[in-house]
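Notes follow the structure.
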Amino acid sequence: MSTHLPPTQLSAPSSAATVADTASAAPGDISRRAPSAPAPVTLPATGALHGAVIDWFDEHARDLPWRRPDAGAWSVMVSEFMLQQTPVNRVLPVHAEWLERWPRPADLAKESPGEAVRAWGRLGYPRRALRLHAAATAIAQQHGGEVPREHTELLALPGIGEYTAAAVVSFAYGRRHIVLDTNVRRVFARLVTGVEYPPNATTAAERRVALALLPGDEDTAARWAAATMELGALVCTARSPQCGSCPLAARCAWRLAGSPAHQGPPRRGQTYAGTDRQVRGRLLAILRASHTPVARAVLDTAWAEDEQRSRALDGLITDGLVEQLPDDSFRLPA
DNA sequence: GATGCGTGGTT
DNA sequence: TAACCAAGCAT
């Protein structure tokens, strides 16, 4: 892997038109803020930065199936859906199963959505399975069976948002695009802004920083995107960052400021026990396990409280994860 | 912009 | 051991 680097690029290059800065002021917007001047950020010299991170990546990157040279765009896309809020180790076996069973989008599109939900297993957030199935159907019908190459086309597919579209563009097609997931955002928050954690939602300021740091060369940019993400996943972690092993420790604004603790309200408390989500999970687990329709009385065993159980089941039906049959039995969608 | 949406491992 | 955390998306 070459460590040759493109010229330092501190301002957004002209090709930045491909990068959505959706939070920038609309043309006609006369806002309080001066129209031309975003808050200045002190950026590190990017050339050396790229080299440090990419060299680290060359040595420490995990060998993941969707990163191998023979992995196609579909493999990358499936992995990105599964990795939305689910750790790598739990994704690995399911991803392998899916790619073997459905090697192309059209193969998945031929199945019922319920089969996708069943094969999703216990990855969590099963609506992702439904959306991935719907996205595969759209690809088969409207894109000639090929995963789209354009960010805007990907964004139009169900289950694909700003991050996933960027990930496919960058990882699958090697194109130059900012990629802002929770790992990259945390790395940049610490490296550039000097705070422990990024804001809860991605901001225009973060997109500006990401664009300013993005290498100009296409191949280097794609490598950089994967490398910064991996650094966040393995070293610059949320809880216990391994700054002693970090190639950026000497340049890290947060580190240089003495690693100040996070200011402001707690991140977010998501309790699970007793929520509708837990009930939905139990109901769906019963339905996944059965290849024949399940009587209502069987689902009743999943949760004692009638009202909550009923609400959860209704929600699953509304979401298209469950079908109700005329005889008041239930199954995954055909 | 705040919520809801699964599941299981780590601290 | 509760709480936190994990490559977000849609509404």
Side-chain angles (χ1 to χ4, degrees), chain A residues 22-23 57 61-62 64-67 75-95 117 120-132 134-135 154-172 177-188 196-204 225-234 236-241 262 265-288 302-303 308 311-312 314-316 318-322:
Chain A
T22 53
F57 187 59
R62 291 167 292 180
L64 301 173
W66 45 88
R67 277 187 188 155
S75 175
V76 172
M77 181 172 152
V78 171
S79 80
E80 291 301 336
F81 268 77
M82 292 180 171
L83 288 164
Q84 292 169 4
Q85 302 283 277
T86 302
V88 167
N89 286 337
R90 278 205 284 147
V91 164
L92 284 168
V94 184
H95 177 269
V117 172
W120 196 254
R122 305 187 68 79
L123 290 181
Y125 292 145
R127 291 190 295 196
R128 291 180 292 166
L130 227 42
R131 290 171 181 154
L132 181 48
L154 289 159
L155 210 46
L157 296 172
I160 295 192
E162 177 182 347
Y163 161 73
T164 302
V168 171
V169 165
S170 183
F171 304 153
H177 204 290
I178 61 168
V179 177
L180 281 176
D181 80 319
T182 187
N183 290 306
V184 178
R185 295 179 60 224
R186 188 173 54 247
V187 169
F188 290 171
E196 188 176 16
Y197 298 117
N200 285 324
T202 305
T203 63
T228 48
M229 188 173 310
E230 190 77 336
L231 187 66
L234 298 183
C236 193
T237 54
R239 208 74 86 79
S240 307
H262 177 67
R267 311 285 285 162
R268 67 165 175 272
Q270 52 166 3
T271 49
Y272 179 64
T275 61
D276 286 5
R277 274 148 84 175
Q278 183 180 22
V279 184
R280 287 167 59 110
R282 287 198 184 181
L283 292 170
L284 215 50
I286 292 174
L287 294 170
R288 273 197 311 264
W303 198 259
Q308 191 178 19
R311 183 171 65 238
D314 285 349
L316 288 169
T318 299
D319 289 349
L321 284 162
V322 172

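Atom set for the values below is all heavy atoms of this structure, side chains included, hydrogens, waters and symmetry mates excluded. Chain identifiers are assigned alphabetically (A, B, ...) following the order of the sequence lines, protein sequences preceding nucleic acid strands; residue numbering begins at 1 within each chain.
Nucleic acid contact class of L64(A) (heavy atoms, under 4.0 Å, all strands): base.
Rounded to whole angstrom, the span from the CG atom of L92(A) across to the C1' atom of dA7(C) amounts to 12 Å. In this entry the distance linking CG of L284(A) with P of dG4(B) reads 19 Å, nearest Å. Per the geometry, CG belonging to D319(A) stands 8 Å off C1' belonging to dC5(B), to the nearest Å. Nucleotide dT7(B) holds its C1' atom 15 Å from the CZ atom of R127(A), rounded to whole Å. Atom CE of M82(A) is separated from atom P of dT7(B) by 15 Å (rounded to the nearest Å). Atom pair R282(A):CZ and dT7(B):P shows a separation of 10 Å (rounding to whole Å applied). Rounded to an integer number of Å, the gap from CZ of R277(A) to P of dG8(B) is 14 Å. Atom CZ in R185(A) sits about 11 Å away from atom C1' in dG8(C), given to the nearest Å.
Both P126(A) and A201(A) lie close to DNA chain B; mapped to their nearest nucleotides by heavy-atom distance, the more 5′-ward contact belongs to A201(A). Mapping L157(A) and A233(A) onto DNA chain C by nearest heavy atom places A233(A) at the nucleotide closer to the 5' end. Nucleotides of DNA chain C nearest to E80(A) and P158(A) differ in position, and the one nearer the 5' end is that of E80(A).
Between the side chain of T86(A) and the backbone N or O of L83(A) there is no donor-acceptor pair closer than 3.5 Å. The closest donor-acceptor contact from the side chain of Q308(A) to the backbone of G274(A) lies under 3.5 Å. When atom types are taken as modelled, the side chain of H262(A) and the backbone of P198(A) share no donor-acceptor pair closer than 3.5 angstrom.
dT3(B) and dC4(C) are spaced 16 Å apart, taking the P atom of each and rounding to whole Å. Distance noted for atom C1' between dG8(C) and dG1(B): 15 Å (whole Å). If you take atom P in dA7(C) and the same atom in dT11(C), they sit 24 Å apart, rounded to whole Å.
With sequence neighbours excluded, the residues that form a salt bridge (Lys or Arg N to Asp or Glu O under 4.0 Å) with R67(A) are E230(A). Among residues two or more places apart in sequence or in another chain, the side-chain contact (heavy atoms from CB on, under 4.5 Å) test is passed with A134(A) by P158(A).
Remark: R128(A) is not in phosphate contact with dC5(B), judged by side-chain N or O atoms under 4.0 Å from OP1 or OP2. Put simply, Q84(A) has no side-chain N or O that comes within less than 4.0 Å of OP1 or OP2 on dA7(C).
For a distance-only test at 3.5 Å, the side chain of T86(A) qualifies as a donor-acceptor partner of the base of dG6(B). With hydrogens and angles left out, the side chain of R280(A) and the base of dG6(B) share no donor-acceptor pair within 3.5 Å.
Between the side chains of R185(A) and Y163(A), no donor-acceptor pair of N or O atoms lies under 3.5 Å. A donor-acceptor pair shorter than 3.5 Å can be found between the side chains of T164(A) and Q84(A).
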For nucleotides 9-11 of chain B, list the nitrogen or oxygen atoms of the protein found under 3.5 Å from its nitrogen or oxygen atoms, one pair per line.
none

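In the set dT7(B), dA7(C), dA6(C), dT7(B) carries the atom at the smallest distance from any side-chain atom of Y272(A).
Inter-residue side-chain proximity for W303(A) and D276(A) is flagged as unmet; no heavy-atom pair is nearer than 4.5 Å.
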